[in-house]
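These notes are about the structure you will find just below.
In what follows, chains carry the letters A, B, and so on, assigned in the order in which the sequence lines appear, proteins first and then strands, with residues in each chain numbered from 1.
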Number of protein chains: 2
Amino acid sequence: MRVTKAQAEQNRAHIVATAARLFRERGYDGVGVADLMAAAGFTHGGFYKHFRSKADLMAEASASGLSQTAARTEGLDPAEFVERYVSREHRDGRGDGCTIAALGGDAARQPADIKTEFAAGIENLLTALQPQSDTPGDADQRAARTMVIDMLAHSVGAVMLSRACPDGSPLADEILDACRKEILASLAHHNSEQPAVRSPET
Amino acid sequence: MRVTKAQAEQNRAHIVATAARLFRERGYDGVGVADLMAAAGFTHGGFYKHFRSKADLMAEASASGLSQTAARTEGLDPAEFVERYVSREHRDGRGDGCTIAALGGDAARQPADIKTEFAAGIENLLTALQPQSDTPGDADQRAARTMVIDMLAHSVGAVMLSRACPDGSPLADEILDACRKEILASLAHHNSEQPAVRSPET
DNA sequence: CTTTTTAGATGATGACCGTCATCGTATTGC
DNA sequence: GCAATACGATGACGGTCATCATCTAAAAAG
């Protein structure tokens, strides 16, 4: 059952995409190689024709998921990012959501290669959120970067904390609402003081 | 090899404490029953004399770890909490640190009983951080609670994001420093506007 | 067209895991 | 003290897991 070289490449990409989603939903340890391949429409045998090990796929799937999040964030207004990120839809859609929020806790226990992918993914997200098109002074650049880093950690923390609470519990929603309100207020506050990161509308 | 009833109770507590630490270090799936019992100084056989299942222990160990964090936070100034929580020491000491930051990401995929323990643990932490000794108006109470919820999510996000980066990487430290600075600034800002949560010193 | 290569299927292997059966021994209740 | 009880040790069980060997058939190379 040989297939076209192009088809094989496409199958490989499909396996990576499927893995990225399943890992986000169930965690790295919650998905077996056989599970994964079945979900992608294959049997477990062909796996090692594409990847050297499960750990290899874990790193590649993480990178894929992270770059997808960065791509979807590109050109998004910070406030708009927060509205979408710190939302019930995002919290309840682990599989289709941000890889950092879904697997950040697991990444901390993974080997260096996965952590490196996460660092690169975070760096990309920061760049996507911080439009440095207008090149102001170095001090402003650093202040803007600090602010974006803080906003990202803040948003990630809100989603993760809300997800740790029982589904549909008042506390889960309260956390989300409280954080969204405070993050947006913080954004507005920074904008009024030194508009290093500014909304296009204002 | 029977032991005193008091000794057995003590052994059980020791197993729970060991489990809480190991789970924080390696995650729920990263610790086997045999591993765990060996780390506590026993063989795997006696496990089911103490717990009905591994899932049962997971819930109990989570509750134990969470209440420990709440107890250690009791009476702590919010700013002091942030200084300790958003620190390199805490980030690098998963096993001895906060259960929310270590297992919050995993809890999201666990059954309802564990999520319920997390919600209760979070609620306890909020109470420990929000001294409602002076009973002001309801509006102030709610505003203070919102602020504490936000501060906790913010701190948790900072530690988790930093942990997802390679050990000793500049980004890991940058995240921690940026967030600590911003969280403390936010605290100061709230204190100056409406001192619902106030430092004892000021 | 012939030969070589390789994506994917099938099946097996050894390690690990949660759980339970059994047993010894020391404590507890009488 | 005697009998009943139960903590903990030893060992075994199904099941799952990552990985590899083998086979196939079709695509690629010549």
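- When the P atom of D/dA28 is taken as reference, atom CD of A/Q7 falls 11 Å away, rounded to whole Å.
- Note: A/H90 and A/Y85 have perpendicular aromatic rings, judged against thresholds of 30 and 60 degrees for the angle between ring planes.
- One interatomic measurement links the two molecules: CG of B/L57 to P of C/dT19, which rounds to 11 Å at whole-angstrom precision.
- Regarding B/D56, its CG atom lies at a distance of 14 Å from the P atom of C/dG18, rounded to whole Å.
- To the nearest angstrom, C1' of C/dC17 lies 16 Å from CG of B/L22.
- Atom NZ of B/K49 is separated from atom P of C/dA26 by 16 Å (rounded to the nearest Å).
- Look at CZ on B/F51: it is 10 Å from P on D/dG8, rounded to the nearest Å.
- Remark: A/H50 is not in phosphate contact with C/dT6, judged by side-chain N or O atoms under 4.0 Å from OP1 or OP2.
- Using a 4.0 Å heavy-atom cutoff across all strands shown, A/T43 reaches at least one base atom of the nucleic acid.
- Heavy-atom minimum distance, A/D150 versus B/C179: OD1-CA, 3.5 Å.
- Shortest non-hydrogen contact noted between B/Y28 and B/K54 is O-NZ, 3.1 Å.
- Once rounded to the nearest 0.5 Å, the distance linking OG of B/S169 with CZ of A/F118 reads 13.5 Å.
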What does nucleotides 13-21 of chain D look like as a protein-contact string, B for base, S for sugar-phosphate only, - for none, at under 4.0 angstrom between heavy atoms?
-----SB--
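- At a threshold of 4.5 Å between non-hydrogen side-chain atoms, the residues A/R94 and B/R109 count as touching.
- Whole-Å rounding puts the B/Q10 CD to D/dC7 C1' distance at 14 Å.
- Note on A/D106 versus A/R26: no salt bridge recorded, every NZ/NE/NH1/NH2 to OD/OE distance being 4.0 Å or above.
- Atom pair A/K5:NZ and D/dA29:C1' shows a separation of 12 Å (rounding to whole Å applied).
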